[in-house]
Structure formats: C-alpha cells, structure tokens
Amino acid sequence: MEKETTRKGAGPLETPQGVVLHIADLRVVFHTYVGTVHALSGIDLDLREGKITGLAGETGCGKSVTAKAVMQLLPSTAEVLSGRILFGGEDLVRKTPSEMDAIRGKRIGMIFQNPRAALNPLFTVEEQLYFLLHRHEHLGRKEARKRSLALLEAVRMGGAKKRLRSYPFELSTGMCQRVMIAMGLACSPKLFIADEPTTGLDVTVQAQVLELFKHLVYEVGSTALLITHDLGVIAETSDYMGVMYGGRMVEFGTTEDLIEHTLHPYTQGLLRSSFTGEDDDELHYIPGVVPDLRRPPSGCVFEARCAVCVEECRVSVPDMIEVENGHRVACFQAGAAGIADGGKAGSTRGER
Amino acid sequence: MNIGRKRRAADPTRPADTRCRPEKSAAEGGTGGSWGFFLYRFRRNKLAAVGGGFLLLIVLLGLIGPLFTSYNPTKPDMKSASLAPSFAHWMGTDALGMDIFTRIVYATRTDLLIAVMAVLGAAILGSLYGVISAFYGRVLDEVMMRALDSLQAFPSILLGLAIAAALGPSLRNVIIVLVVVNFPMYARLVRSQILSLKEATFVDAARTVGNNNARIMFRHLLPNSLGPVYVQSSLNVGWSVLMAASMSFLGLGIQAPEPEWGVMISQGARQMVQGEWWSAFFPGLFIFLFVLSASLLGDGLQDVFDPRRR
C-alpha cells in the first residue's frame, strides 16, 4: 500500500482487494490526569470481506479502543496521533461528526458488552428500532413496524409482536442483546462490530447469541469484527483472529493457524490459560502483569512476562513478519526451536 | 433487505422457537406497565397521599370556589368593614369590608398561576442550561457554572427584591423573578445527572445507530435525567408560593387590592393589634397548608423516584 502518500491531503484511499476495513499504523493516546497512556501503538488490521475476524487480548490491551476508533466514538481525552482507517474508500479518521452520524448504523453497525445498558431505558423496542429505520431507510411508522417485526423474528425473539412494545427492563439480557443485534444489522451494514457481545450472558444464552451472530453476519453479507477476551468464542465463531497485547497486534492469521500453529509466546500463554477440557486439568496463567502503558517498554511489550525472551527483545520492537500465507507474528523468537513446544514456557499454579 | 424472510427460507424448521420459550415467560411478569408500579409505590406512602389530596382540594377551590361566594373580591364595602367570621362572611371581612373567603378563593388562582408558571419556567430553563453545560463540558461548562455561582451568591430574597425593584411590581415580573432565582437549582440537578449519564453505554449505542448531538442531548440524556426534576419541582411549588407571598408582603410583588395571599397577610397584619386576627390568619393558614402539602407530595415523589429505596 502507498504508505507515505497522504497524511493530510486527498489522494487515493483505496483499500486492498477484498478488504472492507483497512487500519494502518493506528496510534491512539489518552491524555489523563495521571499521564499520557499509549493505548494503541501502531495497529495494522485488515478485515476480509464476508469474514468474521476476532480480536483477542486481556483487559486494557486496546481491543475496544480499536473498535471505538473505527466508530469514531473515542472519548474526548483520546487523541489519534497517526494512522488511517479506510472504509469504503474513505478515511474515517478524517470524517466530520455529522458525516460519521450518517455512517453509523447505516454502513457500520455495532453491539456492546452490556446490552441492557446499551438500550435507552425510556424507549420501547419499537421506538429504538423506529429511529434507526427512519433515519437511515426513511421508513414511515407502518413500514418500520413491519420491518421491525421481521428483524425481531430474524433474531429469533419469541412473541415478536408483544416484544415491540416492551421496555428494556422487561427483557432478559439475552433478549436485549438480540434487540441490539437486530438494530446493528437492520440496515445490512457493510461492517458489523461486536464488542464483547457475550460477556454478560449465561453460557447457554452465549452459545445461542453467537450462533445467531454468525448466522446473520453471513446472511446479510456483512463483515464482522468480534472483540472478546474469550478465545473459545473466537475459536467457534471467527475465520480470522488477531491477538493484541499492550496496544500492539502480536499475532494475526486464520483462526485455525493461530490455534494449531501458535507462534507468539503470548498467544500460547492465552491458549494455555483457557480451559480446554483435556486431561491436563491444571489451570495455567501468564506470570507478571500488563505493562504500564504510560511508559511502554522500549523493546517488545511482552518481554517482561515472556519466558523465551532474549537480549534483542529488550532493545528493539519486533515487527509483524509474515511467516506463512497470511499468518503474521511480531516476535524475534517466533518459530525458534523452543517455541514449538513453547507450551512449557509459562508457569502453572501448581509450581508456585 | 429483509432479514426475516430470508432466514425463514434458510431455516424452515425454526428450532429457535422452542429455545426462546423460557425467556418469553420470564419477561411476561413485567408487562403490567410502569404506571401500575408507580401508583402502587405511591399509594403506599400515606403522607404523600394526604399532601396530594390537600393540594388537589386547594386547586379545586381555586377552580370552583367562586361558585360558593357572591361577593366581589376587590370591591370595598365600608358598611361591613372588619367583621368577625360569621355565616354571611365565613372568614370575616377586612378593614375595607372585602370578604376574606372570596379574596382567598381568587388569591388561590393567582398564587397557583405564579407557582406553576415559575416552576415550569425554572425547570425548563434550568434543564436546558444543565444539559448544555454538562454535555459540552470543558470551558463552556466552567463558564456556565461560574455564572450560576455568582447568581446564587446572592440571598434569594435579596436578589428577587432587586430584580423586582428594577422591573417594577407586577404578576409577570414576580414570575420572572422566581424563574431567575430557581433555575440554577434545576441546572445543577440536571447537570449532575447528565455528567454520569453521558458515560453510559446507551449513549455510545445511540451514537452507533446514527443519533447526532442534539438528539443525544434531548431525546436520550434529558428524559433520563428528569426524575429528580419532578421531585424538585413539586417541592419547589410550595417554596415559590412562599417567595411570591413574601415579595407581595414586602410590596414588590402583587399590588393591593389584587387578591393574593401575601398581600392579604400584609394588609391583615395591620389589623392584628386591634384583635382582628382573621384577616391575616386565614391567608396565612392557606399558605401553610399549601406549602406543607406540596412538601409532603414532593417527599413522596422522592421515594418513588429514588432507586435506592426501590
């Protein structure tokens, strides 16, 4: 891609072939009263058309900030230092607020972690849907009601007719999330962002909602970005996955590649600390804590917690390097001998 | 495109219906409506009901009271001056021979008008002020709040008298004074609500479906912050009447011979030394009952709206 061409001026803003959302070198800082937090330090991400891409990582690694940056919903304390977010031939970073208002809901849909809090408590389901359909599809009351019913049926909501008149507090959390999904997909957006969509839900409801999410995204022909800290969710749902750590992307590839041929020690640690149900019933964890992003380390962000780090890791930041078709990793030690069975690199609760 | 139709075509067996059933029945209990719940809470609070009842009676008195009296509220009748309460004059007459009951009835209209207009005006102005200040924040918020500080630095009765003295005494100006004196309270109330509400997820969610700033402010944030405003308004109604009466008493509000509770007390007070207690007592009693019932109602509303007591 033409990296240096346009920072401020016009110029070609074309996304690569088959890519719906192209994020390049996105840097975001938060100016807080305890200092400047480097939330994103140069993220590159391509979302392939018609695919679901998962983003995994611990709290504070920058997953949600990435989503909010795409939506241009960063809080006022945030500042985008550099980077481009190309969507449909336009750079979202340079959009005015009113231009974004026209894009949100119509061309990009989004759902949130806590669906109950995401619905305005004073509006019925019908009113919530009506605004959206009226604003973007210019539907009247009657048509909007018809469409809303169809949407609620599409998200498999029992008794759709009655649910139209319900307020959010009359719905279960799972049903609220179904309403959110209906709203998110109402205008068949090109891009659909789900920020921890199942975190607050019961495990059984979680599976239903994920199934629904997957089904509808494919059916509408949308492209989805699924953000979660639950690798199980990603493994079941996404085609591609990225792993983030400390405001950087550390590994990216197809979900299969990432899980079968894990290259980054952090991804390995994550996989080992999730419950697999295999005979090894020890619960693993990654020692140490997330680095303080007010003073990001000069070398690799994961260096302090990494079991296989070498001198080079402390000094310079590893770039994302393509290992095999599309599988990219940011680690000097990736593919080194110790990594293949690097599963033994972490610690277990039993040892300490 | 129509997702619903497509889905059914893709999945004719519809296994989802059975899956949804438990959720459906779980939520059915809540469809009684928020009004039923509201009334239930309210009826439980006896004192508030008493307050509300009294308030209703006073409003009724203002509306249909003139049917029970044939006297003119502003026409002096020196032949029947300073009469004690009797069957002809239920609450006696004042020094100019005007029937006290008749004057109280008409004064109720004036005072209710003042109270309602003043509270409505202050609540609307204050809410808008608070929403804008909190929503845009930063410098604007700072400037707007410091302006309120300087307004509130004056004792309210002094500020009211100063404004009334500048504008001249009239019904309209009393309302203006009350709005100016009261709106900072609403502004602060709404501002504090919005400050916490604007971080709520539903605001982000509202943005993600394409709501602009104005809609976020007035359709999403403001309606969600009105609960305390209702409570404050109801408490404020009583206080406004008290303030209006005080201003009239001091001669900068409604002017005699217009019937108004404060004016009547002011006139009646001069008669007290001669033992004519009724000409000041009855308007005073009405102010007392009105303010008391408004406060009781307000306290009751507070219980209803306060989530911690639910």
Side-chain angles (χ1 to χ4, degrees), chain A residues 68 71 73 75-76 97-98 100-106 108-114 117-122 128 131-132 135-136 147 149-159 162-163 165-167 169-172 174-175 180 182-186 188 193 205 208 212 215-216 219-220, chain B residues 1-11 14-35 37 135-138 141 197-216 219-227 307 310:
Chain A
K68 288 196 167 168
M71 272 307 215
L73 284 178
S76 55
S98 62
M100 278 313 293
D101 287 338
I103 291 177
R104 294 188 201 113
K106 170 83 178 160
I108 308 180
M110 182 164 178
I111 59 174
F112 292 86
Q113 173 171 359
N114 186 347
L119 290 169
N120 187 325
L122 296 180
Q128 319 245 13
F131 167 73
L132 180 76
R135 167 92 168 77
H136 297 299
R147 178 78 74 88
L149 273 175
L151 283 166
L152 289 192
E153 273 167 26
V155 295
R156 297 170 200 175
M157 186 100 117
K162 200 162 103 193
R163 292 282 87 96
R165 272 173 285 129
S166 300
Y167 284 91
F169 78 91
E170 296 171 322
L171 304 176
S172 69
M175 291 169 105
M180 287 301 291
M183 288 171 74
L185 291 172
S188 310
I193 301 175
V205 182
Q208 288 174 18
L212 184 68
H215 177 76
L216 288 179
E219 189 168 291
V220 170
Chain B
M1 85 166 58
N2 191 329
I3 302 177
R5 206 159 297 150
K6 261 195 154 185
R7 196 203 69 81
R8 225 178 299 160
D11 184 13
R14 292 172 66 77
D17 284 356
T18 45
R19 280 193 231 156
C20 277
R21 202 157 289 150
E23 279 183 11
K24 191 172 142 193
S25 60
E28 240 147 20
T31 44
S34 48
W35 263 106
F37 176 73
F135 187 80
Y136 289 104
R138 301 191 182 199
D141 184 38
L197 273 177
K198 75 172 181 176
E199 307 294 335
T201 316
F202 76 80
V203 175
D204 270 351
R207 280 205 185 285
T208 60
V209 297
N211 283 283
N212 57 20
N213 275 351
R215 273 191 64 92
I216 297 270
R219 292 283 289 152
H220 290 270
L221 287 175
L222 189 58
N224 271 297
S225 63
L226 286 185
R310 273 192 180 170

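Each chain gets a letter, A, B and so on, in the order its sequence line appears, and its residues count up from 1.
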Engaged part of [X] at the chain B interface, taking heavy atoms whose separation is under 4.5 Å:
| X | result |
| --- | --- |
| A:Ala102 | neither |
| A:Leu152 | neither |
| A:Lys68 | side chain |

Just give me the residue among A:Met71, A:Met100, A:Arg104 that pairs up with chain B most often, heavy atom to heavy atom, under 4.5 Å.
-> A:Arg104

Below 4.5 Å, heavy atoms only, C-beta onward: do B:Tyr136 and B:Asn213 meet side chain to side chain?
-> yes

Heavy-atom side-chain proximity of A:Gln128 to A:Met180 below 4.5 angstrom | no

Heavy-atom pair with the smallest gap, counting every atom of B:Ala206 and B:Ile216 | CB-CD1, 3.8 Å

Output all residues satisfying side chain to side chain donor-acceptor pair (under 3.5 Å) with B:Arg215, sequence neighbours left out; order by chain, then residue number.
-> B:Asn211

